[in-house]
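First up is the structure itself, then whatever we jot down about it.
Note on naming: letters A, B, ... go to the chains in the order of the sequence lines (proteins, then strands), and numbering restarts at 1 for each one.
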Amino acid sequence: MSFFKDRNCYMKNYNLSFKEKWSGFNWQFLFFICLVVFIGIGVLYSVGGGNWSPWASKQTVRFIVSLCFLMVVAFFNLRLFMRYAYWIYGLTLLMLLGVEVFGHIGMGAQRWLNLGVVNLQPSECMKIALILALARYFHGASLEDIRRVKFVIPPLLMMGVPVLLILKQPDLGTAMMLVFETAAIFFLVGVQVWKFLLVLIAGTAAIPLVWAHLHDYQKQRVLTFLNPERDPLGAGYHITQSKITLGSGGFWGKGFMQGTQSRLSFIPEKQTDFIFTVLAEEFGLLGSLVLYALYMIIIFYGMMIALKCTNFFGKILALGLTVNFALYVFINMGMVMGLMPVVGVPLPLMSYGGTAMLTLFIGFGLIECVAINKEMVIGRLGSIDDE
Amino acid sequence: MSVWKYEKAREIVVRTIILSVIFVCISLILIGRLFYLQILQGERFFVLAEKNRTAIRLTMPDRGKIYDRNGVILADNHKIFQAVLIKEQAEDYQKTLDNFKKLIPLEEDEEKRILREIKYKRAFMPIQIKDNLTKEQVVLLHLNAPVLTGIQIEETMIRTYPKKDLTAHVLGYVSLLNDRDTNVDSIWFDLAGYRIGRTGLEQSLESRLRGKPGFKKTEINAMGRTVRLMEEGKSVAGEDLNLTIDIRLQKMAMEALGNEAGTAIVVNVQTGEILSFVSTPSFDPNMFLSSISQKKWNKLMNNQKKPLQNKALFGAYSPGSIFKLVVGLAGLESGVIDPDKRVYCSGATQLGNQKFHCWKHEGHGSLTLREALRHSCDVYFYEMAQKIGVEKIVETAQKLGFGENVVTEMIGDKNGLLPTPEWKMRTKKDDWRMGDTLNLSIGQGFLLTTPLQLVRAIAAIANNGHLIDLHFLKQDKVTSTASLFNNAHLRLIRAGMYDVVNHENGTAYKSRFDLDGKRMAGKTATTQVRRISLKEREEGIKKQKDMVWESRDHALFAAYAPTDKPKYAVIVVVEHGGGGSSAAAPVASKILKEALRLDIEDAKLKEGVTRK
């Protein structure tokens, strides 16, 4: 790998002034992101029974902190991320290993790394780090390269190692997200469709093997998803109550802070994974569709930024992050609507949670960075003149 | 731009478009699903959400209180704490129940009932676990609430009978519902601790006493805890009832009967009010409120004097010589008996080859009707009955209310048995013989009368022939028939009854009294106990003294007082008491004397009040 070699490549050219960067920043994109966050804080206020504590206030603080991170990241030089992509990936992988060794148990799963000041969830960071690494990897590759089987083995390993570590924690949701986002990037850069089908067939064949290694609670969740009535008061309770909450909203909803299901705690984890049901209960189909539309607008902006970018690193990075965001939305919604097993994926920008919010905003910061540097020339190996 | 870059960029655009199409498809699925859940199924889920958050609990109506004629409370309600189990709120009801038992022991029968109720009651309906909790127990349960999920402590009302055994056979008692109560509306099963009237007026007037349950619609959270009251429907208390019973007289009647098994009923002959309605031995109805222990139950059941049996209501006795009043009246009404004509009693009457004995073997000599009643001579009535004929006797008896129900307010009132030739043909497939008429004439044989019928007949004789409706509930109107008999004839019968008590040769002379000139008139009866051989066989060999008590005659006495202006009539039955004159008449005497004394006392009190 050549990233040790040309240390000075990003210095040579293309240093935008702050003013140029400021005007290149996509403010509309940020506006829609913030809009969703505000809606989320409103819902958390309602979930708290009309109180800022315990959720809404903390979420607001996190939003402000995350927003700062977004701005900082956005105004970085894009080449810097290209340059340190593998370093970031490597560091995150080390932290994941650290969780394995030092991590303390939180919520029944080993996910958190106590860094003294903050509790960091390396698996969350890995979502971005992996996209960075893959963007870097595919940046200089030609279509012929990409279509060679041998070429996709290193990125598969890049994905595989953290996925295995995260599965061990165990965190099925995040592992799945990593697999999906890698697959999406593979697809976007032009890996042939038949390869996906092949893997899909192989994967289906491996289901019994995977099943044997699943934890009991994971098995329960899958079984319950397949038949919620199996255990209406136990594992199926979540899905049943989630559907009741959603459905009872009707078209207009019950009104702000009038959702009985959430207020009376009939939905579990109402402030995190199931927050969408609270919105759907209180604002009905109308509110749900508005939120959904906002999500689609954010995804649309993300894709447009990616397509407008002239360098592949930025293209792939922005696409990967946008697709990652979209996957979050789809899986969470599918989950709370009873279309998917409950895998513990939060609704981005809405769900209460610090690391998730921060990671998302760093991701959006990167997309903004791509938007700002859309005309930057990045050489095959990270410099401008290495073609 | 180099070719590879161009190719790659184009590929990425194509793939992004494909992915966008996939995203649009996913979006359509998600939106379709949302539409399905919120619009198509919205109503259903709305109902389910409402069901989730609301709990409807029925609230117990106050059972109507019961007072005696002077406002003394006979059936009251008082507050108690009870522990109930709500199955759907319990994590594991068996565990909860086990933990409960560790704190407060439960009787085995109780536990069986609880388990049975858990089975058939709906999951959200409370099941009574234990009532009458002491303060210490309430505290204990509160402290251990974490291991008693599903247990709730609630305040409820429980029936009490402050006069205990005095009112047991008038009021009856209430007890918890059980699975044999199939004809009880299910709403009452949903009320934990609801007790239904089982006997007496509690049973008969259940629908007036019970009231209407209220409801409390509360919002509950997912843990089942009540968050707030949403809607409340107040319960409607049952009707308070004022009885005609005078508890003081009731007490006197109980005391007068003492340890005997028997009954005493006092009525007002003018109004039909029942002032005393006693069956002995009695029991404390309070013990049926909570489940009664097997030991106590067995003790009640094995008592040969049958405390649980309401003899005043269910008892059916041969009236014996009291029926001579009916025969005498029938004779007078039909013109067969000439009150001044004497009939000779030699101690027996010959009928074909059968000999019918008088109770006095040596005979009474020659007697008028009045004397025959005074002496209770059997032969006089044997002779007369042959002339009167069974039809006329039965007709008179029917006019006096024999063979029919007397009270409508209490369930279980019996018809007794007034035998007729048709009845005999129908049931015994045999002709009515003259011997049957003779047996009937002295109140023996097939004839069975209830204490209520007897007291009403006496009341009719005393009140110049009006058959009056007897009742337990205070009411303004008096329902009675027009006079059914010639008053001169009734006076003759009453003269006979007067002699029974007040003539030195009368059979109840020893029980006479004179309270400011107020006297009693009556008629004794001593009836042979018809022994059923089947019953004997069932019960096996008995101790000798029990055998003796069991085979003793029943003693009866029917009377009214005062003689000049009759107000009260009484019937006393002492089962296996021996003679009517020795066992029953003194009891009746005490009761009537007390009734008259109370009248005087009340009048004085009233006078005192008005003077003030």
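- A distance-only check finds no donor-acceptor pair linking the side chain of Glu7(B) to the backbone of Ser142(A) [under 3.5 Å].
- The greatest number of non-hydrogen atom pairs below 4.5 Å with chain A, out of Asn52(B), Leu34(B), Ile12(B), is found for Asn52(B).
- Contact of the Phe300(A) side chain with the Ser20(B) side chain is not registered, since no non-hydrogen atoms from C-beta on lie closer than 4.5 Å.
- Counting all heavy atoms, side chain and backbone alike, Gly338(A) lies closest to Arg33(B) at O-NH2, 3.9 Å.
- Interatomic distance, NZ of Lys243(A) versus CD of Gln38(B), reported as 13.5 Å (0.5 Å rounding).
- To the nearest 0.5 Å, atoms OH (Tyr36(B)) and CE (Met337(A)) are separated by 13.5 Å.
- Side chain of Arg53(B) to main chain of Thr260(A): no donor-acceptor pair is present (N/O by atom type, distance under 3.5 Å, no hydrogens or angles).
- Within 6.0 Å of the CD atom in Glu108(B), the count of heavy atoms belonging to other residues, nucleotides or ligands does not exceed 12.
- Heavy atoms closer than 4.5 Å to chain B are found in both the backbone and the side chain of Leu188(A).
- Interface remark: Tyr292(A) contributes side-chain atoms only to the contact with chain B (heavy atom separation under 4.5 Å).
- Contact of Val191(A) with chain B is made through the backbone alone, with heavy-atom distances under 4.5 Å.
- Taking every heavy atom of both residues into account, Ala326(A) and Phe23(B) meet most closely at CB-CE2, 3.5 Å.
- When side chains are defined from C-beta on, Phe45(B) does not count as touching Leu246(A), because their heavy atoms never get closer than 4.5 Å.
- More than 12 heavy-atom neighbours from other residues, nucleotides or ligands sit within 6.0 angstrom of CZ on Arg228(B).
- In this structure, chain B has no heavy atom under 4.5 Å from any part of Ile267(A).
- Of all the listed residues (Gly253(A), Gly284(A), Gly249(A)), the one sharing the greatest number of non-hydrogen pairs under 4.5 Å with chain B is Gly284(A).
- Environment of NZ in Lys212(B): sparse, with no more than 12 heavy atoms of neighbouring residues, nucleotides or ligands closer than 6.0 Å.
- The NZ atom of Lys8(B) sits 10.0 Å away from the NZ atom of Lys315(A) when rounded to the nearest 0.5 Å.
- In this structure, the portion of Glu219(B) lying under 4.5 Å from any heavy atom of chain A is its side chain and not its backbone.
- The number of heavy-atom neighbours closer than 6.0 Å to CD of Glu43(B), taken from other residues, nucleotides and ligands shown, is 12 or below.
- Contact annotation: the side chain of Leu48(B) never approaches that of Phe266(A) to less than 4.5 Å [non-hydrogen atoms, C-beta and beyond].
- At a 4.5 Å heavy-atom cutoff, the contact between Met303(A) and chain B is made by side-chain atoms alone.
- For Arg116(B), the CZ atom is densely surrounded, since the number of other residues' heavy atoms within 6.0 Å is greater than 12.
- The line from CH2 of Trp4(B) to CZ of Phe312(A) is 5.5 Å long, rounded to the nearest 0.5 Å.
- Expressed to the nearest 0.5 Å, how far NZ of Lys5(B) lies from CG of Asn311(A) amounts to 8.5 Å.
- Put simply, of Ile18(B), Ile29(B), Leu37(B), the one with the most heavy-atom pairs under 4.5 Å next to chain A is Leu37(B).
- The most heavy-atom pairs under 4.5 Å with chain A, out of Ile26(B), Leu40(B), Leu30(B), Ile39(B), come from Leu30(B).
- Of the inter-residue distances, the one linking Leu289(A) atom CG with Ile31(B) atom CD1 reads 6.0 Å to the nearest 0.5 angstrom.
- For Leu319(A), the part lying near chain B is the side chain, with the backbone staying farther off; criterion is any non-hydrogen pair under 4.5 Å.
- Proximity to chain B (any heavy atom under 4.5 Å) is shown, for Ala280(A), by both the backbone and the side chain.
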